[in-house]
Amino acid sequence: MNFKKFSVYFVFVMIVFVAINALVWQLFTSEILTRKQSDIMTGDMSRMGYLPHLNHERKNSTTLKKKHLNSEQYSGEKVDMITLGDSFSQGNTGGLNRYYQDYFATYLNMDILNIHELPKSRNYIETIVMLHNSGELKKLKPKYILIESTQRKVVSRLSMPIDYTTTSTNLDYYKKKNNSSFTLPKVSFINNGNFKYLAYTFLYNFSDRAFISKVHHVKLNQKLFSIQEGDDLLYYNSDIRAIKKHSKENLITVNANLNKLALLLKQQDIQLIFMPAVGKYDLYHDYIIDNNYAKDPFFDYLRPLKKDYIFLDTKKILLNEVKNGVKDVFYVDDTHWSYKASDAIA
């Protein structure tokens with residue numbers, strides 16, 4: 001092949017390459033890889049699964065009368081409740097009244113402070129122990145401390161041996177800036193996401209997780225979401241992988257660790273609350289058509305155990321909402337629950 005022919009072929013290939021990227025970007029992937037406005041949210045699973053037709057756009061807004069304090073807003077005042085947890089506690093779901101703490105604050109007329117895990121603590125329990133041992137809890141004087149964790153991470157976070165002698169060297173860390181706003185990176189219209197979209201669209205025809213995706217896409221036996229294709233369900237593959245960790249023995253260990261923390265806090269007249277955020281797969285399990293995966297026994301094992309703390313059974317509460325026909329208890333495109341779940345739990 002001479003140089004002239006090679007140049008023609010090269011230019012042709014580049015034109016096709018750019019054209020495919022431009023077309024896929026314009027029609028599909030720009031919907032999941034960018035945001036139209038900074039306060040318009042879409043979910044993490046439609047983005048990771050390259051499923052733009054399952055986006056549920058929602059605008060961040062707050063209508064509740066009373067709001068909680070995030071750690072960077074705290075200026076030393078007395079609080080009724082401290083909350084500590086993962087992205088559920090940081091309002092990462094987006095949309096209307098995205099913080100469950102605001103429902104607690106409004107309905108129970110409480111002053112609530114949301115804090116962060118301290119450096120050198122290995123989990124949420126050790127963060128609370130550090131605040132206890134340092135005398136910080138005596139300054140805060142909360143009536144309640146609420147620990148939240150997504151279901152799939154409870155065992156890995158809370159079943160390890162706890163160091164009850166630990167004291168933080170940096171207590172101001174719980175006042176750090178709250179990271180509740182996820183920012184999508186800037187993406188050019190030419191990007192590998194366009195080809196992932198094409199690959200996933202094809203592979204989802206043969207596998208509910210497109211063989212390689214972190215997101216399962218399955219059908220439900222009824223419409224439980226408000227978008228047009230309301231009988232679709234997206235959930236993380238991590239929900240499936242976590243099931244093997246949810247043995248009776250592991251949940252007994254988690255419960256024992258929480259009981260020990262609860263008894264420690266009672267010395268200061270503080271009541272511990274534990275709120276495991278039910279996984280999306282577990283909540284909608286019985287509605288999945290042709291489900292090939294096991295049922296998650298997490299709540300079945302944890303419910304009957306003797307507890308010295310208040311247990312918020314989010315699966316029981318939210319499953320009742322689903323059974324009563326409430327749509328969008330979780331957002332279809334997200335691993336987080338919606339304001340309707342926060343309302344029901346509060």
Q: Check the side chains of T253 and S159 for a donor-acceptor pair under 3.5 angstrom, ignoring hydrogens and angles.
A: no
Q: Kindly check if the number of other-residue, nucleotide or ligand heavy atoms within 6.0 Å of CG (N205) is above 12?
A: yes
Q) Would you call D269 and K266 a salt bridge, taking side-chain N to carboxylate O under 4.0 Å as the test? A) no
Q. What pair of heavy atoms forms the shortest contact from V254 to V155, and how long is it?
A. CG2-CA, 4.1 Å
(Q) Assess the residue pair D282 and Y235 against the criterion (side chain to side chain donor-acceptor pair (under 3.5 Å)); give the C-alpha distance rounded to whole Å, side-chain angles, the decisive distance to 0.1 Å, and a yes or no. (A) CA-CA 10 Å; D282 192 13; Y235 65 87; over 6 Å; no
Q | Where at least one partner belongs to residues 212-229, residue pairs that pass salt bridge (charged side-chain N to carboxylate O under 4.0 Å, His left out), sequence neighbours excluded | A | K219-D231, K219-D232
Q) Quick one: is the NZ or CZ of K196 closer than 6.0 Å to the six-membered ring centre of Y200, and within 45° of its axis? A) no
Q. Between T166 and M130, what is the shortest heavy-atom contact and its length?
A. OG1-CE, 3.3 Å
Q. Do you know which of L158, L146, N259 makes side-chain contact (heavy atoms from CB on, under 4.5 Å) with F274?
A. L158
Q. Is a salt bridge present between R157 and D86, judged by a nitrogen-to-oxygen distance below 4.0 Å?
A. yes
Q.
Assess whether a salt bridge exists between K260 and D308, defined as any Lys/Arg side-chain N lying under 4.0 Å from an Asp/Glu carboxylate O.
A. no
Q: State whether D239 and R152 are salt-bridged, where the test is any N-O pair (Lys NZ or Arg NE/NH1/NH2 against Asp/Glu carboxylate O) under 4.0 Å.
A: yes
Q. Do N237 and H216 have side-chain atoms, one donor and one acceptor, less than 3.5 Å apart?
A. yes
Q) Do you know which two heavy atoms are closest between P142 and I82, and how far apart they sit? A) CG-CD1, 3.8 Å
(Q) Can you pull out every salt bridge (charged side-chain N to carboxylate O under 4.0 Å, His left out) where at least one residue sits in residues 320-334? Sequence neighbours excluded, please. (A) R58-D333, R58-D334
Q.
Would you say F330 ends up clustered with I289 if hydrophobic residues are merged whenever their side chains have heavy atoms under 4.5 Å apart, either directly or through other cluster members?
A. no
**Q.** Criterion salt bridge (charged side-chain N to carboxylate O under 4.0 Å, His left out) on D313 and R303, from CA distance to verdict
**A.** CA-CA 8 Å; D313 190 336; R303 281 188 188 120; 2.5 Å; yes
Q) Do L84 and L108 share a hydrophobic cluster, counting only Ile, Leu, Val, Met, Phe, Trp and Tyr and linking them when any side-chain heavy atoms are less than 4.5 Å apart? A) yes
Q: Report the residue from T335, D44, T150 that forms a side-chain hydrogen bond (donor to acceptor under 3.5 Å, both in side chains) with Y236.
A: D44
Q: Go through the side-chain N and O atoms of Y100 and S89 and say whether any donor and acceptor fall under 3.5 Å apart.
A: yes
**Q.** Member of Q151, K315, H285 meeting the side-chain hydrogen bond (donor to acceptor under 3.5 Å, both in side chains) criterion with D296
**A.** Q151
